[in-house]
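Sequential numbering from 1 along the given sequence is applied to the chain's residues. Atoms within each ligand, like the ligands themselves, are counted from 1 in listed order. Small disclaimer: the values here were computed from a predicted structure and weren't measured.
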Amino acid sequence: MTDLDQLKTDALTRIENAPDAAALEALRIEFLGKQGSISGLMKTLGGMSPEERQVQGPLLNGLRTETADAIAARKEVLENTELEARLAGESIDLTLPAPEVPRGSVHPVSQVMDEIAEIFADLGFAVATGPEIEDDWHNFTALNMSETHPARAEMDTFYFPDRDAEDHRMLLRTHTSPVQIRTMKAASANGGEPVRIIAPGRVYRSDSDATHTPMFHQVEGLAIDRDIHLGHLKWTLETFFKALFERDDIVLRLRPSYFPFTEPSVEFDVGYSNEGGRRVVGGHGDAEGHDWMELGGSGMVNPRVLEFAGFDPNEWQGFAFGLGIDRLTMLKYGMNDLRAFFDGDGRWLSHYGFSPFDQPTLSGGVGARA
Ligand code: PHE
């Protein structure tokens, strides 16, 4: 056997037996690396006579190619074995319990907003939305609150810095009532058509104590048609509260009030009783152990507002109401601290939150009572 044959047999055997990728790489460097034995032999070709080189050249080239091929083949075998071993070791036991994944929950306010939308959908009201960053005109002027109207001062408005822009200076809406204007303007653009909407959403006032947060939630209601009167308003609110609180003994009290955008204006209260420190809605507010709780404001849409929004007040009229969703939520689900609503405390949320997969649905909705 020549030295070359010996080297080849030796190389191929060791490659064939390399136990793992690291050992194989060490062999590649030993034979084919810059300082490798086969590379060294290749270098000797330069010093040979042409005749010698003609013989040795093909032999050495063949040796180099065969060695490289053997390494590649061994590499593939090793990789396959490694993969198979890993797959065998990684088999999944489907009978094992899965680790628990933390799950989000539906915030009680979102839950009640959904319930409100569901009830009013039964009554034929669509959901409308408007921007939370509003302009002066939609939030005040078109609602019959001129620049100098005292009601503006009571609203504790957050204004944006540019206060000079008159009707177009921007603010955080102080109520959901500007959605009335936006909806009516859209409906009056083509000559006027009946409107039935609710507008739930966030509103902002510069106010903060145990019962007030600078951001809170309201839902606006608006019905415009040719023959709407206060009786429709009362029936709608009563029907709504009965469905929301899931009880038939809801008693509503309307009290004369004042809002620039409604005429006449009424505030509405519900009767409730105190049961073990908890307010429970139901019953007549003047009955033994009962009292009244104010829930919101409402009234017939002021003709001036209809005009601002492009409706002819001689032909159209309507009612509007606005109520606080946060208070409603506290009442319905027996919570007592408003500020906890917006603390973002995961423990509070997992206690009071609702599962997105297991929504408590209202028993039958409005239709079932009709
Ligand atoms: N926007 C009034 C408020 O925030 C509530 C209201 C709405 C009153 C619609 C009458 C009609 O206090």
- Query: So, for Thr211 and Leu338, which heavy atoms are closest and what is the spacing to 0.1 Å?
  - Reply: O-CD2, 3.2 Å
- Task: Kindly state whether the ring of Tyr333 and the ring of Phe245 have centres lying under 6.0 angstrom apart.
- Result: no
- Message: Is it the case that ligand 1 has an N or O less than 3.5 angstrom from some N or O of Ser177?
- Response: yes
- Message: Less than 4.5 Å apart, side chain to side chain, heavy atoms only: is that true for Trp316 and Pro194?
- Response: yes
- Item | Geometric N/O contact Thr174 with ligand 1, under 3.5 angstrom | no
- How close does the nearest protein non-hydrogen atom get to atom 9 (C) of ligand 1, and which residue and atom is it? Glu220 OE2, 3.3 Å
- Between Arg173 and Asn139, is any side-chain donor less than 3.5 angstrom from a side-chain acceptor? no
- Query: Are any of the N or O atoms of Gln180 closer than 3.5 Å to those of ligand 1?
  - Reply: no
- Note on the structure: So the atoms of ligand 1 within less than 4.0 Å of a heavy atom of Arg205 turn out to be 3 (C), 4 (O), 12 (O)
- May I ask you to identify the nearest protein heavy atom to atom 2 (C) of ligand 1, giving residue, atom name and distance to one decimal place in Å? Phe261 CZ, 3.7 Å
- Looking only at heavy atoms of Met155, does any of them come nearer than 4.0 Å to an atom of ligand 1? no
- Query: Parallel, tilted or perpendicular: which fits the ring planes of His107 and Trp348, with parallel below 30° and perpendicular above 60°?
  - Reply: tilted
- Message: Tell me the contacting part of Phe321 for ligand 1: side chain, backbone, both, or neither, using a 4.0 Å heavy-atom threshold, strictly below.
- Response: backbone
- Item | Contacting atoms of ligand 1, where contact means under 4.0 angstrom from a heavy atom of Gln218 | 3 (C), 4 (O)
- Note on the structure: Here the atoms of ligand 1 under 4.0 Å from any heavy atom belonging to Gly322 are 6 (C), 7 (C), 9 (C)
- Before giving the answer on side chain to side chain donor-acceptor pair (under 3.5 Å), spell out for Thr141 and Arg152 the whole-Å C-alpha distance, their side-chain angles and the decisive distance to 0.1 Å. CA-CA 10 Å; Thr141 309; Arg152 282 192 180 213; 3.1 Å; yes
- Message: I'd like to know if the side chain of Asn17 reaches the main chain of Thr13, judged simply by a donor and an acceptor atom lying under 3.5 Å from each other, with no hydrogens or angles considered.
- Response: yes
- Query: Is the shortest N/O to N/O distance between Ser298 and ligand 1 below 3.5 Å?
  - Reply: no
- Query: Do Phe319 and Leu230 come close enough that some side-chain heavy atom pair is under 4.5 Å?
  - Reply: no
